[in-house]
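Please read these numbers as outputs of a predicted model, since none were measured by experiment. Just so you know, residue 1 is the first one in the sequence shown, and it goes up from there.
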Amino acid sequence: MVIPFTNKKTLLSLRKSKTTTKKAPEVSVVGGDEGYRLFVEGVKEYAMIMLDMKGYVIGWNIGAENLLGYKEKAIVGKHFSRLFTQEDRKADKPKLELEQALETGRGEDENWLVRRDKSQFWASGMSTPLRDKAGNLLGFAKIIRDLSERKELEQQKDDFISMASHELKTPLTSIKLYAQLLHKHLEQIKEEKGLSHLTKIQEQITKQENLIRDLLNVSKIQSGMADYQVQEFNLDSLVKDTAKELEATAPTHIIVVVGKTSHKVRAIKEHIGQVLTNFLTNAIKYSPEAKKINVRLSEDKKSVTVSVEDFGMGIPKEQKKRVFDRFYRSENVKTKSLSGYGLGLYIASQIIKQYKGQIKVESIEGKGSIFSFSLPHAKQK
Ligand code: ADP
């Protein structure tokens with residue numbers, strides 16, 4: 001790929017730098033070709049940085065100057081890792097980013113970057129390898145955008161969700177309690193009609209409770225908090241227990257569990273239970289006309305997999321990827337007025353990611369879906 005702010009002179013010196021290992025190449029200013037230079041300098045919102053093969057800065061536009069506080073003269077020849085936080089440097093992120101760029105053609109990341117005055121901002125960055133026609137590596141182009149505002153908005157949204165769900169929870173707990181007392185009373189006096197209305201109210205209370213639990217979980221997961229203990233356990237009994245529990249609440253469906261696993265996983269059990277509950281309640285909810293749900297347990301050398309298959313409405317092909325997005329609901333379920341908030345799968349994917357696992361969906365609209373997750377084996381000590 002040819003990046004517009006490179007020019008022959010720069011690329012030639014980059015090529016020469018192949019032989020230099022430690023020392024940064026001696027290119028002081030990207031430019032020379034006025035057109036390119038004007039183009040690059042015109043971009044003020046994006047930092048455009050050129051690096052040699054080792055990650056030393058050889059070019060720096062006005063956008064980079066504005067965003068990061070270094071004048072071009074002050075940064076050229078320095079290694080780009082100084083833009084990362086100390087933590088990220090320790091974790092070798094700068095090197096990993098360039099390696100990823102080499103492997104996949106682009107290294108993308110969102111992380112904190114450090115300005116010259118040591119202040120930090122949330123940035124999205126993309127590194128692309130620069131190669132000559134023969135495919136030899138010449139260096140990298142890195143483009144950075146300031147995402148502080150978006151990050152701040154997200155934080156505000158999460159704070160609001162967290163606060164609102166706490167506030168909503170308290171009165172609901174007391175509504176639930178009084179409804180239970182009233183239920184008992186109506187049972188005693190055998191008031192059938194009242195009981196039937198009350199049961200409907202209680203069902204709605206449970207729905208609302210679930211939503212609030214989801215909202216609280218979103219904010220908990222986002223702030224990295226966990227109330228429970230990480231442990232090593234076998235998934236089989238958790239899967240069987242969760243399936244039984246849900247079968248009892250949905251007499252319309254039969255849940256068949258097949259397969260077994262021998263390897264343990266390492267996680268907070270309640271988290272994985274939550275993912276399973278989400279898969280199974282969705283399978284029930286989105287297959288109102290079907291009876292059977294298949295749950296499969298399997299494993300390979302590295303991981304353990306659980307899949308939940310239903311024979312319901314499925315998901316339109318082009319919307320499959322988005323079901324793991326926050327608040328996303330596919331068009332076919334919205335039109336059927338099936339209740340939901342599009343949070344369950346988002347939370348599930350965050351949980352599985354947290355344990356370095358994988359979450360997937362296969363689906364054919366009108367035929368059914370298979371949701372699955374895999375978790376790595378717990379390391380044997
Ligand atoms: P909710 O069910 O509350 O909308 P989820 O995050 O659990 O939220 O699911 C997001 C969306 O993914 C659903 O709204 C639906 O469009 C789709 N979906 C999830 N599971 C299934 C399924 N088993 N069959 C069909 N669509 C599904």
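The environment of Lys169 atom NZ is sparse: at most 12 non-hydrogen atoms of other residues, nucleotides or ligands sit within 6.0 angstrom. The environment of Tyr328 atom OH is dense: over 12 non-hydrogen atoms of other residues, nucleotides or ligands sit within 6.0 angstrom. In Glu187, the CD atom is crowded: over 12 heavy atoms of neighbouring residues, nucleotides or ligands sit closer than 6.0 Å. Surrounding CD of Glu318 are more than 12 heavy atoms belonging to other residues, nucleotides or ligands, all under 6.0 Å away. Atom CD of Gln156 is surrounded by more than 12 heavy atoms from other residues, nucleotides or ligands within 6.0 Å. Counting heavy-atom neighbours within 6.0 Å of Arg329 CZ, excluding the residue itself, gives a total above 12.
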Under 3.5 Å, sequence neighbours excluded: what are the donor-acceptor pairs made by side chains of residues 190-198?
{"residue": "Glu191", "atom": "OE1", "partner": "Lys193", "partner atom": "N", "Å": "3.4"}
{"residue": "Glu191", "atom": "OE1", "partner": "Gly194", "partner atom": "N", "Å": "3.3"}

Kindly list each side-chain donor-acceptor pair under 3.5 angstrom involving residues 360-372, sequence neighbours excluded, with atom names and distances?
{"residue": "Ser363", "atom": "OG", "partner": "Ile315", "partner atom": "N", "Å": "2.9"}
{"residue": "Ser363", "atom": "OG", "partner": "Gly368", "partner atom": "O", "Å": "3.1"}
{"residue": "Ser363", "atom": "OG", "partner": "Ser369", "partner atom": "OG", "Å": "3.0"}

*Which is it for Gln274 and Asn278 under the side chain to side chain donor-acceptor pair (under 3.5 Å) test, yes or no, and what are the steps along the way?*
CA-CA 6 Å; Gln274 195 182 337; Asn278 174 251; over 6 Å; no

_Checking Ile359 against Phe279 for the side chain to side chain contact (heavy atoms under 4.5 Å, CB included) test, could you report, in this order, the C-alpha distance in whole Å, the side-chain angles of both residues, the deciding distance, and whether it holds?_
CA-CA 11 Å; Ile359 193 162; Phe279 279 13; 3.8 Å; yes

*What's the verdict on side chain to side chain contact (heavy atoms under 4.5 Å, CB included) for Thr281 and Asn210, showing C-alpha distance, side-chain angles and the deciding distance?*
CA-CA 12 Å; Thr281 42; Asn210 288 341; over 6 Å; no

*asked:* Would Ile255 and Val295 count as a side chain to side chain contact (heavy atoms under 4.5 Å, CB included) here? Give the steps.
replied: CA-CA 7 Å; Ile255 305 178; Val295 181; 3.7 Å; yes

*Go through the steps for Val239 and Asp236 under the test side chain to side chain contact (heavy atoms under 4.5 Å, CB included), then give the verdict.*
CA-CA 5 Å; Val239 168; Asp236 298 17; 5.9 Å; no

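Side-chain atoms of Ile254 and Ile293, non-hydrogen and from C-beta on, never get closer than 4.5 Å to each other. A 4.5 Å side-chain heavy-atom check between Glu72 and Val76 finds at least one atom pair inside the cut-off. Between Asn282 and Lys285, the closest side-chain pair of non-hydrogen atoms falls below 4.5 Å. Using a 4.5 Å heavy-atom cutoff, the side chains of Ile49 and Ile75 are not in contact. By the 4.5 Å heavy-atom criterion applied to side chains, Glu65 and Trp60 are counted as neighbours. The side-chain heavy atoms of Gln350 and Tyr346, taken from C-beta on, include a pair separated by under 4.5 Å. Two residues are said to be in side-chain contact when any heavy atoms from C-beta on lie closer than 4.5 Å; Phe373 and Ile351 fail this criterion. Residues Leu238 and Thr242 meet the side-chain proximity criterion, which asks for heavy atoms closer than 4.5 Å.
Remark: Asp241 engages no residue in a side-chain hydrogen bond (donor to acceptor under 3.5 Å, both in side chains) (not counting sequence neighbours). Taking the salt bridge (charged side-chain N to carboxylate O under 4.0 Å, His left out) definition, one finds that Glu110 meets it with Arg150, sequence neighbours left out. The side-chain hydrogen bond (donor to acceptor under 3.5 Å, both in side chains) check on Ser174 picks up nothing, with sequence neighbours excluded. Thr305 pairs by the side-chain hydrogen bond (donor to acceptor under 3.5 Å, both in side chains) definition with Ser374, not counting sequence neighbours. Taking the side-chain hydrogen bond (donor to acceptor under 3.5 Å, both in side chains) definition, one finds that Arg296 meets it with Glu309, sequence neighbours left out. For Lys292, the salt bridge (charged side-chain N to carboxylate O under 4.0 Å, His left out) criterion is met by no residue, not counting sequence neighbours.
The two atoms that bring Leu138 and Asp132 nearest to each other are CD1-N, 3.6 Å, heavy atoms only. Residue Ala74 comes nearest to Arg116 through the heavy atom pair CB-NH1, 3.8 Å, listed as atom of the first residue, atom of the second, then distance. The two residues Thr261 and Asn234 make their nearest non-hydrogen contact at O-ND2, 3.1 Å. The minimum heavy-atom distance between Leu137 and Gly139, with the atom names listed, is CD1-O, 3.6 Å. Taking all atoms of both residues into account, the shortest heavy-atom contact from Ser81 to Pro94 is CB-CG, 3.6 Å. Contact record, Gly105 with Pro129: O-CD, 3.2 Å, taken as the closest heavy-atom pair.
The salt bridge (Lys or Arg N to Asp or Glu O under 4.0 Å) contacts involving residues 79-90 comprise Asp88-Lys93, where partners must be two or more places apart or lie in separate chains. Applying the ring-ring contact (aromatic ring centres under 6.0 Å, His included) test to residues at least two apart or on different chains, the pairs with a partner in residues 78-108 are Tyr56-His79, Phe80-Phe84. The stretch residues 163-194 participates, sequence neighbours left out, in no ring-ring contact (aromatic ring centres under 6.0 Å, His included) pair at all. Residue pairs that meet the ring-ring contact (aromatic ring centres under 6.0 Å, His included) test with at least one member in residues 112-136, sequence neighbours left out, are Trp112-Trp122.
Distance alone, capped at 3.5 Å, places no donor-acceptor pair between the Asp109 side chain and the Gly125 backbone. Judged by distance alone, with hydrogens and angles left aside, the side-chain atoms of Arg115 form a donor-acceptor pair with the main-chain N or O of Leu67 at under 3.5 Å. Counting only distance, with no hydrogens or angles, the side chain of Gln319 and the backbone of Glu331 share a donor-acceptor pair below 3.5 Å. One N or O on the side chain of Glu299 and one on the backbone of Ser262 form a donor-acceptor pair closer than 3.5 Å. The closest donor-acceptor contact from the side chain of Asn61 to the backbone of Tyr46 lies under 3.5 Å. Checked by atom type and distance alone, the side chain of His377 pairs as donor or acceptor with a backbone atom of Asp300 at under 3.5 Å. A donor-acceptor pair under 3.5 Å is absent between the side-chain atoms of Glu232 and the main chain of Lys264, judged by distance alone. Within the 3.5 Å criterion, the main-chain N or O of Ile268 finds a donor-acceptor partner in the side chain of Tyr355. His253 places a side-chain N or O within donor-acceptor distance of the main-chain N or O of Ser287, the cut-off being under 3.5 Å.
No chain of hydrophobic side-chain contacts below 4.5 Å, direct or via other Ile, Leu, Val, Met, Phe, Trp or Tyr residues, connects Val114 to Leu83. Linking Ile, Leu, Val, Met, Phe, Trp and Tyr residues whenever their side-chain heavy atoms come within less than 4.5 Å places Val230 and Val265 in a single cluster. Grouping the Ile, Leu, Val, Met, Phe, Trp and Tyr side chains by contacts below 4.5 angstrom, directly or via other members, places Ile347 with Tyr341. A single hydrophobic cluster is seen to contain both Ile201 and Ile212, as judged by linkage of ILVMFWY side chains at heavy-atom distances under 4.5 Å, directly or through other members. Hydrophobic clustering (ILVMFWY, side-chain heavy atoms < 4.5 Å, transitive): Phe311 and Leu280 are in distinct clusters.
Separation of atoms CG (Leu98) and CG (Leu51) is listed at 6.5 Å; rounding is to 0.5 Å.
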